[in-house]
*Asks:* 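I am attaching a structure below and will ask some questions about it afterwards.
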Amino acid sequence: MEFDELFREVLASAACLGADADSLTDRQAREPSRLPGWSRGHVLTHLARSADAYRWTLALARTGTAPGPRADAAELERQLGEGAGRSAAALAADLRGSLDGLLRDAAELPVERRTVLVPALAGWRHPAWYLLWRAWRELEVHHVDLNTGHDSARWPDGFVRTALAETAAALAARGVPVARVEAEDLGQDWAVSGSGPVVSGPGHELLAWFAGRGPAAGLRADGPLPLLPGWPLPPVPGWS
């Protein structure tokens, strides 16, 4: 996808998620999400801090200099624990402020700096524009995790196509035994490896299975399904 198209998609996903966050009561914010051990407050806090991390990386891409210390995994865990129990209004305002800042910083990133390689927290590197894809993926998947009725059937087709193509390539590079993935509603399929089953079904259900956000029960396969690695996987080495 082009940068401007990704930007519009992130803007739309942020608005949809923000509306759900604004509708929560304090009691609902403390209720369980779909992630084990996490309340809805944990999910919203995680999303806000992820947006802050993307802003840090955009600043690095824009100037070539780190804008200050980068929060590591331990610090992010501390912030998550401290932030999850806030009021619903505070959680929603925090999320909206972080996402608004991310979108503003992305819009101001000079065109010539969009291809600058920047580091993910896990250590791999990618072009700065790819932060918008990561943000879109984070928003769509964790909106499902928020457990407010936004399920994988509401994922945009463009998101499903892009995520399935990237996931298929990453699984192929790791030799995961799935021969092919067929998204029947999208009229697309992706070769994965030379062994294993052909797995077919609606694209959003395939992606939900890969992402650990849905069962394989609605999918069809001509052989046993393999155990899948954790998702999302880093892109294929050398992809950039």
Side-chain angles (χ1 to χ4, degrees), residues 1-22 40-80 82-84 86 88-146 150 155-156 158-159 162-163 166 232-235 239-240:
M1 281 189 176
E2 297 292 332
F3 185 92
D4 290 345
E5 184 180 0
L6 274 171
F7 183 90
R8 290 191 294 270
E9 295 288 5
V10 175
L11 182 64
S13 291
C16 184
L17 176 66
D20 263 6
D22 285 339
R40 293 191 178 103
H42 283 91
V43 174
L44 294 175
T45 301
H46 169 77
L47 284 164
R49 300 292 75 79
S50 291
D52 291 345
Y54 296 152
R55 294 186 69 188
W56 185 97
T57 311
L58 283 172
L60 174 62
R62 185 174 61 251
T63 66
T65 303
R70 185 180 195 178
D72 60 15
E75 174 61 16
L76 291 172
E77 186 68 22
R78 183 190 67 78
Q79 293 174 3
L80 179 67
E82 291 182 354
R86 292 172 294 169
L91 289 163
D94 181 27
L95 175 68
R96 194 174 296 280
S98 292
L99 291 175
D100 286 350
L102 171 62
L103 288 161
R104 182 173 60 250
D105 291 353
E108 294 173 354
L109 184 67
V111 173
E112 65 273 15
R113 304 299 292 177
R114 293 175 183 175
T115 55
V116 171
L117 291 179
V118 292
L121 189 60
W124 52 282
R125 293 164 66 82
H126 59 73
W129 65 261
Y130 189 75
L131 285 163
L132 279 179
W133 165 246
R134 292 177 62 194
W136 190 21
R137 184 176 62 198
E138 191 102 0
L139 290 169
E140 287 297 334
V141 172
H142 284 315
H143 200 165
V144 170
D145 294 335
L146 196 60
H150 186 97
W155 284 341
F159 170 71
T162 304
E166 182 176 271
L233 293 161
W239 66 284
S240 61

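Side chains included, hydrogens not; waters and symmetry mates left out as well; all remaining heavy atoms used.
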*Asks:* Do Leu17 and Leu47 have side-chain heavy atoms sitting under 4.5 Å apart?
*Replies:* yes
*Asks:* Dump the intermediate steps for side-chain contact (heavy atoms from CB on, under 4.5 Å) on Trp133 and Glu166, then the final yes or no.
*Replies:* CA-CA 11 Å; Trp133 165 246; Glu166 182 176 271; 3.3 Å; yes
*Asks:* Determine the minimum heavy-atom distance between Arg134 and Trp124, stating which atoms define it.
*Replies:* CD-CH2, 4.5 Å
*Asks:* Less than 4.5 Å apart, any side-chain heavy atom of Val118 and any of Leu58?
*Replies:* no
*Asks:* Which distance, rounded to the nearest 0.5 Å, do you find between the CG of Leu131 and the CZ of Arg55?
*Replies:* 12.5 Å
*Asks:* Does any non-hydrogen side-chain atom of Glu9 lie less than 4.5 Å from one of Leu132?
*Replies:* no
*Asks:* For the CG atom of Leu109 and the CZ atom of Arg104, what is their distance to the nearest 0.5 Å?
*Replies:* 14.0 Å
*Asks:* About how many Å separate CG of Asp145 and CD of Glu140, when rounded to the nearest 0.5 Å?
*Replies:* 11.5 Å
*Asks:* How many angstroms lie between atom OG of Ser50 and atom CG of Leu95, to the nearest 0.5 angstrom?
*Replies:* 10.5 Å
*Asks:* Indicate yes or no for a side-chain donor-acceptor contact from Trp136 to the backbone of Phe159 under 3.5 Å, with no hydrogens or angles considered.
*Replies:* no
*Asks:* Take Leu117 and His126 through the side-chain contact (heavy atoms from CB on, under 4.5 Å) test and state the conclusion after the steps.
*Replies:* CA-CA 5 Å; Leu117 291 179; His126 59 73; 5.5 Å; no
*Asks:* Would you say the side-chain atoms of Arg40 pair up with the backbone N or O of Leu146, donor to acceptor, closer than 3.5 Å?
*Replies:* yes
*Asks:* Could you tell me which non-hydrogen atom of Arg114 sits nearest to which non-hydrogen atom of Phe3, and how far apart they are?
*Replies:* CZ-CD2, 3.4 Å
*Asks:* Run the side-chain contact (heavy atoms from CB on, under 4.5 Å) test on His142 and Leu44 for me, step by step, so that the C-alpha distance in whole Å, both residues' side-chain angles and the decisive distance to 0.1 Å come before the verdict.
*Replies:* CA-CA 9 Å; His142 284 315; Leu44 294 175; over 6 Å; no
*Asks:* Check Leu139 against Ala14 and note the closest heavy-atom contact, atom names and distance.
*Replies:* CD1-N, 4.0 Å
*Asks:* Counting only heavy atoms from other residues, nucleotides and ligands, does the tally under 6.0 Å from CD of Glu112 exceed 12?
*Replies:* yes
*Asks:* Does any non-hydrogen side-chain atom of Val141 lie less than 4.5 Å from one of Trp155?
*Replies:* yes
*Asks:* Which atom names give the shortest non-hydrogen contact between Ala51 and Leu99, and what distance separates them?
*Replies:* CB-CD2, 4.0 Å
*Asks:* How far apart are the C-alpha atoms of Arg78 and Glu82, what are their side-chain angles, what is the distance that settles it, and do they pass the salt bridge (charged side-chain N to carboxylate O under 4.0 Å, His left out) test?
*Replies:* CA-CA 6 Å; Arg78 183 190 67 78; Glu82 291 182 354; 2.7 Å; yes
*Asks:* Working to the nearest 0.5 Å, report the span between CG of Asp4 and CH2 of Trp129.
*Replies:* 13.0 Å
*Asks:* Are there more than 12 heavy atoms of other residues, nucleotides or ligands under 6.0 Å from atom CD of Glu75?
*Replies:* yes
*Asks:* So, using side chain to side chain contact (heavy atoms under 4.5 Å, CB included) as the criterion, who are the partners of Arg96 when residues are at least two apart?
*Replies:* Asp22, Asp100
*Asks:* Which pair of non-hydrogen atoms, one from Pro67 and one from Leu60, has the smallest distance, and what is that distance?
*Replies:* CD-N, 4.3 Å
*Asks:* Are the side chains of Glu2 and Phe7 in touch, meaning some heavy atoms are under 4.5 Å apart?
*Replies:* no
*Asks:* Roughly how far apart are His150 NE2 and Ser13 OG, rounded to 0.5 Å?
*Replies:* 7.0 Å
*Asks:* Under the side-chain contact (heavy atoms from CB on, under 4.5 Å) rule, what do Thr162 and Met1 come out as? Steps first, then yes or no, please.
*Replies:* CA-CA 8 Å; Thr162 304; Met1 281 189 176; 3.9 Å; yes
*Asks:* Indicate whether the side chain of Arg113 and that of Thr63 have a donor and an acceptor atom separated by less than 3.5 Å.
*Replies:* no
*Asks:* Closest approach of Pro110 and Arg62, non-hydrogen atoms and distance?
*Replies:* CD-CG, 4.1 Å
*Asks:* Main chain of Ala66, side chain of Trp56: is a donor-acceptor contact present, judged purely on distance under 3.5 Å?
*Replies:* no
*Asks:* Quick one about Asp20 and His143 (side-chain donor to acceptor, distance below 3.5 Å, no hydrogens or angles considered), yes or no?
*Replies:* yes
*Asks:* Should Thr45 and Arg86 be marked as a side chain to side chain donor-acceptor pair (under 3.5 Å) after you check the CA-CA gap, both sets of side-chain angles, and the distance that decides it?
*Replies:* CA-CA 9 Å; Thr45 301; Arg86 292 172 294 169; 3.2 Å; yes
